[in-house]
Amino acid sequence: STDKSNFSSESQGEDGSKTMLNKLSIVFPDTEEEQSALASMLLNEDVIALIPQRNGKCRQYGDDNFECSVAPSQSSGSSVTDETSTTVELSVGCETLPPFYYGDIPTAEGIYSGETGDLKSLPA
């Protein structure tokens, strides 16, 4: 579930030329076709991800200057009460902590505000 997703950032490199290593772990429930297809499609891609925080503001992972590494995994659990999940982990260097994204985010459900996470308009 999305409440298991998280991000972290840490400095990397030598003094005078340090950058940030921004990591993101997105956990999707289940291991079905949709989750498996998404994880497989992202496997060797250099992506840019916009991720909303709990307060709705979006953070950006990845940019034109640094390649984003994507590592998907799945777990079936070992008993009937265990969680099944698909996890997509992103790891990307950046000159800053994950920047805030204030632009519009077009989706199939409509256009969302990156600044607030609110739905601004419905699809035409």
Side-chain angles (χ1 to χ4, degrees):
S1 69
T2 55
D3 61 346
K4 295 185 183 274
S5 300
N6 64 71
F7 73 87
S8 64
S9 296
E10 57 191 45
S11 64
Q12 63 179 358
E14 301 296 323
D15 286 344
S17 61
K18 287 186 178 183
T19 59
M20 297 303 299
L21 178 59
N22 297 323
K23 298 178 182 179
L24 174 66
S25 179
I26 307 169
V27 180
F28 300 97
D30 287 326
T31 58
E32 299 300 324
E33 292 89 347
E34 187 176 10
Q35 296 87 347
S36 296
L38 174 64
S40 296
M41 287 181 350
L42 295 175
L43 182 58
N44 290 304
E45 294 297 319
D46 182 15
V47 301
I48 295 176
L50 300 175
I51 305 299
Q53 299 185 132
R54 288 187 183 107
N55 64 5
K57 294 180 180 180
C58 280
R59 305 291 288 266
Q60 178 178 318
Y61 291 80
D63 60 36
D64 291 338
N65 297 319
F66 295 90
E67 187 172 339
C68 187
S69 174
V70 181
S73 62
Q74 288 187 323
S75 174
S76 67
S78 56
S79 73
V80 294
T81 58
D82 286 347
E83 177 182 52
T84 61
S85 63
T86 301
T87 301
V88 177
E89 294 185 358
L90 304 177
S91 177
V92 61
C94 190
E95 293 179 3
T96 65
L97 290 163
F100 287 89
Y101 180 84
Y102 296 116
D104 289 343
I105 305 169
T107 72
E109 292 83 29
I111 297 175
Y112 287 85
S113 165
E115 185 173 4
T116 65
D118 295 333
L119 181 64
K120 293 176 66 174
S121 65
L122 295 173

Asp63 (side chain) donor-acceptor with Phe66 (main chain) under 3.5 angstrom: yes
Heavy-atom side-chain contact between Cys58 and Pro52 under 4.5 Å: yes
In one Ile/Leu/Val/Met/Phe/Trp/Tyr side-chain cluster, 4.5 Å: Phe100, Ile48: no
Hydrophobic cluster membership, Val47 vs Met20, 4.5 Å side-chain cutoff: no
Asn22 and Ser9 side chains, donor-acceptor separation under 3.5 Å: yes
Any donor-acceptor pair under 3.5 Å from Asp46 side chain to Cys68 backbone: yes
Shared hydrophobic cluster for Leu21 and Leu24 (ILVMFWY, side-chain gaps under 4.5 Å): no
Spatial distance of atom CD (Gln35) from atom OG1 (Thr87) [nearest 0.5 Å]: 11.0 Å
Glu89 CD to Leu42 CG distance, which is reported to the nearest 0.5 Å: 13.0 Å
Distance, nearest 0.5 Å, that separates CG of Asp104 from NZ of Lys120: 3.5 Å
Over 12 non-hydrogen atoms of neighbours within 6.0 angstrom of CG in Asp118: yes
Thr86 side chain to Gln74 backbone, donor-acceptor under 3.5 Å: no
From NZ (Lys57) to OG1 (Thr116), nearest 0.5 Å: 10.0 Å
ILVMFWY cluster membership beyond Leu122 - transitive side-chain contacts under 4.5 angstrom: Leu50, Tyr101, Ile105, Tyr112, Leu119
Val70: which of Val88, Leu43, Asn44 passes side-chain contact (heavy atoms from CB on, under 4.5 Å): Val88
Heavy atoms from other residues, nucleotides or ligands near CD of Glu34 exceed 12 (cutoff 6.0 Å): no
Remaining members of hydrophobic cluster (4.5 Å side-chain criterion), Ile111: none
From CG (Asp30) to OG (Ser36), nearest 0.5 Å: 9.5 Å
Flag if over 12 foreign heavy atoms under 6.0 Å of CD, Gln12: yes
Separation between CD of Glu109 and OG of Ser121, rounded to the nearest 0.5 Å: 12.0 Å
Minimal non-hydrogen separation, Tyr61 against Lys23, with atom names: CE2-O, 4.1 Å
